2 protein chains.
Amino acid sequence: MSSSRSTGARVPLGREIAEDLRRRIVAGEFAPGSRLPSEAELCSQYRVSRVTVRTAAKALESQGLVDIRHGSGMFVVDFGGQIRSGLQELRSITETIEELGLNAKVRRVALTRRQADENERTRLDLTSDDAEVVAVHREILADDQVVAVSIDSIPASLVPASEDAGLGNGSVFAVLDRIGLTPVRALAEIHAVRGNDVPIAEGHVADELLILLDQVHYDRSGDPVAYSKTYFVEGRFQFVILRTR
Amino acid sequence: MSSSRSTGARVPLGREIAEDLRRRIVAGEFAPGSRLPSEAELCSQYRVSRVTVRTAAKALESQGLVDIRHGSGMFVVDFGGQIRSGLQELRSITETIEELGLNAKVRRVALTRRQADENERTRLDLTSDDAEVVAVHREILADDQVVAVSIDSIPASLVPASEDAGLGNGSVFAVLDRIGLTPVRALAEIHAVRGNDVPIAEGHVADELLILLDQVHYDRSGDPVAYSKTYFVEGRFQFVILRTR
DNA sequence: AATTGATCAGTTGTCCTACAACCTGAGGCT
DNA sequence: AGCCTCAGGTTGTAGGACAACTGATCAATT
């Protein structure tokens with residue numbers, strides 16, 4: 001069971017600093033390959049202890065953004081390209097598109113409350129046979145070109161009917177957030193599929209190849225809060241993963 | 001430029017403990033959803049300071065393996081399934097297959113030294129026009145079924161001819177390691193392709209759909225050390241990514 | 001009886017100081 | 001040139017302390 005508390009959710013200092021450092025890095029304040037200020041200096045910049053700075057640094061390191069070298073410093077990882085945001089980080093697709101410098105739009109195709117199918121019941125861990133979901137069918141556009149179509153299913157019991165309206169328009173994340181169910185983890189499967197085999201595609205991708213991102217989102221307490229199938233048109237979206245050791 | 005030192009590469013304590021904890025978790029010593037020993041207890045188990053334990057814990061957290069909750073403890077993340085190893089972690093394919101409980105084999109199809117094509121020159125950051133690569137073409141089998149075919153290209157200047165023999169047989173990683181060029185990061189693109197369009201497939205995947213993992217591996221100093229294209233047959237390999245915030 | 005509120009022990013978050021291990025560059029030496 | 005030593009800066013680890021948070025217990029109130 002999940003507590004639907006508003007989760008005062010104070011953000012730990014370490015995470016806050018990590019996010020700020022990340023922002024500064026992607027903003028270009030530190031060039032790729034260059035050295036960041038030493039831990040001691042960051043301490044005085046942020047007025048926190050070294051422990052906290054190190055917490056943030058470690059987080060950035062495991063995101064693959066920086067490289068920490070014993071005895072010499074912390075360096076911004078330098079890839080030829082300037083890709084900073086990979087699939088391993090959980091963020092909305094529109095967010096990712098925007099960060100690539102494109103204009104992201106979302107068009108709601110349909111929104112229904114209906115009985116969950118077997119797949120949805122399994123993925124969302126719904127026990128009762130007549131459990132319902134709110135299903136949102138959308139198209140995602142980058143610079144006015146359709147790059148993906150998606151179906152997001154959320155257990156109906158989690159969504160007050162008053163929120164239905166908001167679901168199609170903005171980001172699903174925003175609505176979940178408002179309800180107090182922020183997804184913090186997602187387990188995604190990747191598949192290759194033919195356009196013809198996609199039931200929700202409206203003709204315009206019939207002969208295309210698609211990449212299917214089949215994922216379940218979980219909140220902090222480990223409960224599944226959303227199940228999405230997102231079909232990306234091959235070639236129109238850069239699908240990048242940063243793999244680290 | 002990279003120093004090709006043998007990289008004494010002492011493993012930091014924190015990482016060592018993180019790896020051991022990971023091993024214990026996947027081995028089932030701690031059930032999904034259950035609480036791990038407190039930091040204090042882990043300190044005495046491993047005879048290290050709390051700083052080190054926390055370093056390890058944070059690493060596991062950002063790998064998505066555990067969830068650390070302020071005031072209450074560290075918990076093994078509980079997914080319905082028992083998937084523990086996602087694509088976001090850099091490990092060899094054979095390793096991943098083995099961890100799934102399958103029998104992994106590799107069959108070398110060809111190994112050549114040849115001039116790098118333009119794509120390889122770009123990805124591997126080779127400046128001279130007549131730069132050479134060692135190209136290894138292999139098939140990866142899980143339980144005696146072909147799940148992927150791959151081409152790995154390594155700048156010829158990095159590989160002494162004496163190592164060529166080892167390249168096809170075992171893991172490419174092992175050979176790179178021996179040369180002193182351990183990949184610690186990889187930037188991977190994902191594409192969907194048709195079997196017919198894969199030049200190296202030998203007929204047996206003509207009508208299949210494939211997932212192409214197109215990736216460059218980098219060593220610790222940021223130099224590219226290998227470029228691989230791996231074609232996974234759709235449906236025969238579980239392609240999972242754990243996305244975290 | 002049920003709810004509320006205070007208290008307490010246990011756990012993670014942050015701070016401080018100190019030292020070990022490591023890397024880099026400067027300078028002196030051959 | 002190359003090699004060595006050394007000093008200074010940087011990250012890794014240690015130990016102790018307190019703050020902030022969680023979950024449970026239990027008394028007080030309704």
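Lettering follows sequence order; numbering is per chain, from 1. Not measured: the values here are computed from a predicted model.
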Discussion item. Under the criterion side chain to side chain contact (heavy atoms under 4.5 Å, CB included), I'd like the reasoning laid out for B:Asp152 against B:Arg138: C-alpha separation, chi angles, the key distance, then a yes or no.
Written reply: CA-CA 8 Å; B:Asp152 301 274; B:Arg138 304 181 303 163; 3.6 Å; yes

Discussion item. If the helix axis at each end comes from five base pairs, how far does the helix from C:dA1-D:dT30 to C:dT30-D:dA1 deviate from straight, to 10°?
Written reply: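 Here the helix ends are tilted 10° relative to one another.
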
Worksheet item: Using a cut-off of 4.0 Å between protein heavy atoms and nucleotide atoms, how would you tag nucleotides 8-17 of chain D 5' to 3' with B, S and -?
Response: -BBBBBB--B

Side-chain ([X]) to main-chain ([Y]) donor-acceptor, under 3.5 angstrom:
X: B:Arg121; Y: B:Ala116; answer: yes
X: B:Arg24; Y: B:Phe30; answer: no
X: A:Gln88; Y: A:Leu242; answer: yes

Worksheet item: So, are B:Arg50 and B:Glu39 salt-bridged, with charged N and O less than 4.0 Å apart?
Response: yes

Practice prompt. Flag the pair A:Glu19 and A:Arg22 as a salt bridge only when some basic side-chain nitrogen lies within less than 4.0 angstrom of an acidic carboxylate oxygen.
Written response: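 Salt bridge: no.
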
Discussion item. If you compare all heavy atoms of B:Ala18 against all heavy atoms of B:Ala59, which two are closest, and at what distance to 0.1 Å?
Written reply: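 So the two residues come closest at CB-CB, 4.3 Å.
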
Discussion item. Going 5' to 3' along DNA chain C, between which two nucleotides do contacts with chain A fall, using a heavy-atom cut-off of 4.0 Å?
Written reply: C:dT14 to C:dC23

Discussion item. Using 0.5 Å steps for rounding, measure from the CZ atom of B:Arg23 to the CD1 atom of B:Ile17.
Written reply: 12.5 Å

Worksheet item: Would you call B:Leu187 and B:Tyr218 a side-chain contact if the rule is heavy atoms closer than 4.5 Å?
Response: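 Heavy-atom side-chain distance check passes, below 4.5 Å.
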
Discussion item. Could you tell me if A:Thr230 and A:Ser228 have a donor-acceptor pair between their side chains, going purely by distance under 3.5 Å?
Written reply: no

